[in-house]
Amino acid sequence: KCEDEKLKYEKIGIKKMLTKIEEQFRIMFNLSSDVLFDSDLVADKVMVNDAYEKEFGYKRMKNMMSSEDWIIHIHPDDKEKFMKEYHRVLKSKTINWKNGYRFLRRDGSVANVLVSRIILRNTDGNAYRVIGSMHDISKQKVLEESLEREIKLKEKQIAEAAGDAKDTERSDIGKELHDNVNQLLGASRLYLEMAKRGGKDSGMYLSRSSEYTLTAIEEIRKLSKGLTTNTIKNLGLCAAIENIRLYTMEVNSVKIEFKVNFIENSVNDKFKLNIYRIIQEQLNNILKHAKATKVVIKLLQNKKSVKLIISDNGIGFDTGKKRNGIGIANIKSRATSYNGTADFISQPGSGCVLIATFSASDKLLRRT
């Protein structure tokens, strides 16, 4: 009899302990900010926590509903696919199942939800209970779509800037050939025709024709200096920068200094050409707009990055104002194409500093 009494009290103690555990579970269940559910497949009852009403607006007596009451709120366009997958998973041996679908809120709005489940099975492998959570990823999805649109827009802008730069380069070359070289060759031909007529001045005409032809050749040579990439491959980036420095000072009243701490064979030719084009573009910007008398070009490298700095003592500009030209946009797009950044530091009357920074990466390495 004593043993029976002892067993009786032990059972009461276990029952109280289980009740307490269940109460604690329910408290934690309802405190979660995510929607939690516990689905009894045998009784066809689904228990949800308080977050279900807060998230979707549906009030349930004692937080209980049937599975049909749950399924009815799945978006009509997603319901058939969900039900096929649901029955397939229950018939399988799957224990963990995660999927996403659209769920209708009470106010008619649509939530994109990610649902994670744990499927409990008996010894025969039949599912009898599903425990899981619903997470509203609508805001995340909107942000992802917004980010994707922004990336596509930036890619389009970069492509357009690159295209505009090519068109501008072709236009400049066309103008130079038409307005300068073509005129020199036209004059050379005119003097040559006059020399063909003979007479005492034919020697002078031939000499004039030769002078104009040589000048045209020199102008074409100068144009080719700005276009050729062979200098980069044959002489290297530093030599190419030195050439453009000397040439620019020959034809413009500006002093250019070049300071370098750069390892040529540590990066690939495409990257070096990209650096060269940025220098060309910025020098062109300075000569056109800055009215500078001094320019300093620095090409620096360490284990972590390659940095190009171009500073001038020109009139400067307001970096906050939108500019009509594509020079700055083109430089920024060239930097971005190698995962770099291009920052302009300037204000009216204080010159300008361009700082282009490229992190060391496989895209810059020689082997690429």
Side-chain angles (χ1 to χ4, degrees), residues 15-154:
K15 188 175 181 180
K16 286 183 177 179
M17 183 176 67
L18 290 174
T19 302
K20 188 174 182 180
I21 291 172
E22 186 175 353
E23 288 175 355
Q24 290 176 342
F25 170 76
R26 287 182 179 277
I27 292 171
M28 293 176 65
F29 188 75
N30 284 315
L31 283 176
S32 174
S33 58
D34 283 344
V35 176
L36 303 181
F37 61 89
D38 185 352
S39 178
D40 186 337
L41 301 181
V42 178
D44 190 28
K45 292 291 182 182
V46 182
M47 181 176 73
V48 294
N49 64 346
D50 293 341
Y52 180 81
E53 181 183 348
K54 293 177 183 177
E55 192 66 53
F56 304 116
Y58 301 113
K59 189 172 181 62
R60 291 291 175 263
M61 185 66 68
K62 295 183 179 180
N63 288 17
M64 297 296 293
M65 70 179 84
S66 67
S67 59
E68 180 60 30
D69 199 20
W70 178 291
I71 294 169
I72 198 173
H73 300 307
I74 296 176
H75 194 284
D77 294 341
D78 296 345
K79 191 176 298 183
E80 183 179 352
K81 180 181 177 182
F82 168 79
M83 292 306 299
K84 285 182 180 179
E85 185 70 5
Y86 175 72
H87 290 304
R88 184 193 68 78
V89 170
L90 290 186
K91 290 177 182 179
S92 70
K93 302 299 180 183
T94 301
I95 296 176
N96 296 295
W97 179 34
K98 183 183 290 187
N99 75 331
Y101 51 81
R102 287 169 291 177
F103 199 79
L104 301 177
R105 296 189 180 94
R106 187 179 179 182
D107 62 7
S109 61
V110 179
N112 290 281
V113 297
L114 179 66
V115 187
S116 302
R117 309 168 185 82
I118 297 174
I119 302 171
L120 304 181
R121 300 180 181 275
N122 57 26
T123 53
D124 295 327
N126 297 320
Y128 68 89
R129 191 175 174 188
V130 179
I131 302 170
S133 65
M134 292 178 72
H135 182 58
D136 186 356
I137 59 172
S138 302
K139 291 180 180 179
Q140 179 181 335
K141 194 171 182 66
V142 169
L143 288 173
E144 288 175 352
E145 290 173 352
S146 177
L147 180 61
E148 186 176 352
R149 287 195 298 270
E150 186 69 19
I151 289 171
K152 288 181 178 179
L153 177 62
K154 291 297 182 185

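- Here the OH-OG distance, from Y86 to S67, works out to 5.5 Å after rounding to the nearest 0.5 Å.
- Within the model, atoms NZ of K59 and CG of D50 stand 8.5 Å from one another, a figure rounded to the nearest 0.5 Å.
- Residues W70 and F56 keep their aromatic ring centres 6.0 Å or farther apart.
- Applying the side chain to side chain contact (heavy atoms under 4.5 Å, CB included) rule to N96 yields the partners I118; only residues at least two apart in sequence or on another chain are considered.
- Legend: residues meeting side-chain hydrogen bond (donor to acceptor under 3.5 Å, both in side chains) with S66, ordered by chain and number and at least two apart, are absent.
- One finds the NE2 atom of H75 at 13.5 Å from the NZ atom of K81 (value rounded to the nearest 0.5 Å).
- For the atom pair CG of D69 and NZ of K45, the computed distance is 9.5 Å after rounding to the nearest 0.5 Å.
- Remark: Y58 pairs with H73 by the ring pair (Phe, Tyr, Trp, His ring centres under 6.0 Å) rule, at least two apart or across chains.
- Between Y101 and F103, the ring planes are tilted. Angles from 30° to 60° get that label.
- Distance alone, capped at 3.5 Å, places no donor-acceptor pair between the D136 side chain and the A111 backbone.
- One finds the CD atom of E68 at 8.5 Å from the CG atom of D44 (value rounded to the nearest 0.5 Å).
- With sequence neighbours excluded, no residue forms a side-chain hydrogen bond (donor to acceptor under 3.5 Å, both in side chains) with D40.
- Listed by first and then second residue, the side chain to side chain donor-acceptor pair (under 3.5 Å) pairs that reach into residues 115-128 are N99-R117, sequence neighbours excluded.
- Legend: residues meeting salt bridge (Lys or Arg N to Asp or Glu O under 4.0 Å) with R88, ordered by chain and number and at least two apart, are E85.
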